[in-house]
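Each remark here refers to the structure printed beneath this line.
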Amino acid sequence: MNNSLKQRYIYAVTRELPMAQRADIEKELHGLIEDMLEERSQNHPPTDKDLEEVLYELGKPQDLVDKYRDQKRFLIGPDLYPFFIFILKIVFMAISISMVVLLIVRGLVEPSHVWEIFLETAGTFISAISQAFIWITIMFGLSEYFGWYKKEINLPEEKEWRVSDLPQLPDERNKISRAESIFTIIFLVIGGALVSFALDLIGIWIIDPGVKAITIPFFNNQLFKTFLPLIYATIILEIIVEMVKLVIGKWNFKTVGAEITSKVFNLLVGLIIFSNANIWNSEFLTQIREAQLLGPNYANYTLISGIWNNLTENIVFYIILVFILSIIGIVVRLIRLNTDRNMDIK
Amino acid sequence: MVIQDEIIEGLLQELRRGTIIIGVLSQLSKPQYGYSLVSSLEEKGMSIDPGTLYPLLRRLEKQELLESKWDTNEARPRKYYLLSPAGQVVYQQLCDEWRQINASLEVLIGGKENEQ
């Protein structure tokens, strides 16, 4: 009888089992197969055919493995899977939209290089999609592994269940708008794509059919590039916060906390970048004036320089103002949440 | 008809799953190893394939309903299982529960004579 078939069967089962149980189960399966062979071939030494029949009777090794394991293990289990697909869809959609925007913007500015731009954007698209897939899978894999999500999506816990644990009916006031989160994610991805691949195009465009398009950048791109890691960190943090909001779906102290964290981070990054006056394109006004020389319709110097001077001088003030406004929004939400709770207690 | 057969097969599997445990526990007041248990259950009309029984024995041991011991004296090392004190209590209780279930089902499905 060919013993290696038996060894291979046992190996196929034990290699997928936890180390601690392997040796024991291996011994047990050996004994079992011998016993089954013995019963089958009482008067003659077991043949290859007997062994094959015994192994078929034991069934597919994978099924045996599943039975030996106490519970099925998942990278992303059935509880999280719908959320996983939902987030993937949104992020893929955001990436697709932002790539289309990037393609259009760059194509408009450099119509002669449309084909190259198209290929480049396609490459970026593929790498962005794979990056997004990897990171989202890692995030969901980790929360499956550590069971972070269990409380948030109202899964039954070990402790005794009470009627008061029932989730509140979704209240329009503390429901998180999905559309808003989706829009924010799309916007963030577009922003990320623009600063990564089309930094030169963030500025004023002067497009005239027949004449080469001119763009006058807002920023000192050399210096701006050194801030890219910081900007990516901000974008990723914000996207994570939006995903958390999408999964939890309502304003509670966690989502509000996440929101505040990302706003504070945005504020700090904004202040770091814009406290340096050199971040602006120092040639901007000169370039606008030069553009105006090409023809009076190309740029309205007085208007643009007015806006430009105001913006560059007061940017820090504006950043702080936006921050304060968003914090006020959050505080109002918190107060509402609190009154809701008090109402529930009464 | 094929679909119906499949449904029946699935439902039967669910029905058996619970009864198999009672059957296994009932045979383990004396130590037995896996394959002898397969045969003795088979003899008494409960067929169970070893691929199901062996993992089940392990699970029951982990739940401390069974105790086990390797016997290496024989030609072939065998793992013997025996009901633990906790297992005996659980088995008794399961038997009572089963009799109740059986009784109420007998009433429900038409009050046929109890086959015992």
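Every chain is numbered from 1, with letters handed out A, B, ... down the list of sequences.
Remark: A:Glu52 pairs with A:Leu5, A:Tyr56 by the side-chain contact (heavy atoms from CB on, under 4.5 Å) rule, at least two apart or across chains.
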Test log, rule side chain to side chain contact (heavy atoms under 4.5 Å, CB included), inputs A:Leu17 and A:Val65 | CA-CA 7 Å; A:Leu17 292 172; A:Val65 169; 4.2 Å; yes

Before giving the answer on side chain to side chain contact (heavy atoms under 4.5 Å, CB included), spell out for B:Lys79 and B:Glu61 the whole-Å C-alpha distance, their side-chain angles and the decisive distance to 0.1 Å.
-> CA-CA 12 Å; B:Lys79 195 175 188 181; B:Glu61 187 190 3; 3.6 Å; yes

Evaluate the side chain to side chain contact (heavy atoms under 4.5 Å, CB included) criterion for residues A:Tyr68 and A:Leu29: first the C-alpha distance (whole Å), next the side-chain angles of each, then the deciding distance (0.1 Å), finally the verdict.
-> CA-CA 12 Å; A:Tyr68 268 117; A:Leu29 285 179; 4.0 Å; yes

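The contact list for residues 45-57 of chain B toward chain A, using heavy atoms and a distance under 4.5 Å, reads B:Asp49, B:Pro50, B:Gly51, B:Thr52, B:Tyr54, B:Pro55 by residue number.
At a threshold of 4.0 Å, the pair A:Lys245-A:Glu180 does not count as salt-bridged, since none of the basic side-chain nitrogens sits closer than that to a carboxylate oxygen.
Looking at A:Ile25, both its backbone and its side chain come within 4.5 Å of chain B, counting heavy atoms on both sides. If you measure heavy-atom distances from A:Asp63 to chain B, you find no contacts under 4.5 Å at all.
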Show every donor-acceptor pair shorter than 3.5 Å between a side-chain atom in residues 80-94 of chain B and any protein atom, with sequence neighbours excluded, or say none if there are none.
residue	atom	partner	partner atom	Å
B:Tyr80	OH	B:Glu74	OE2	3.1
B:Ser84	OG	B:Glu64	O	2.8
B:Ser84	OG	B:Leu65	O	3.1
B:Ser84	OG	B:Ala86	N	3.4
B:Ser84	OG	B:Gly87	N	3.0

Anything under 3.5 Å between a donor and an acceptor, one on a side chain of residues 7-14 of chain A, the other on a protein residue two or more places apart or in another chain? List them.
residue	atom	partner	partner atom	Å
A:Tyr9	OH	A:Gly59	O	2.6
A:Thr14	OG1	A:Ile10	O	3.0

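The greatest number of non-hydrogen atom pairs below 4.5 Å with chain B, out of A:Gln21, A:Glu57, A:Met36, is found for A:Met36.
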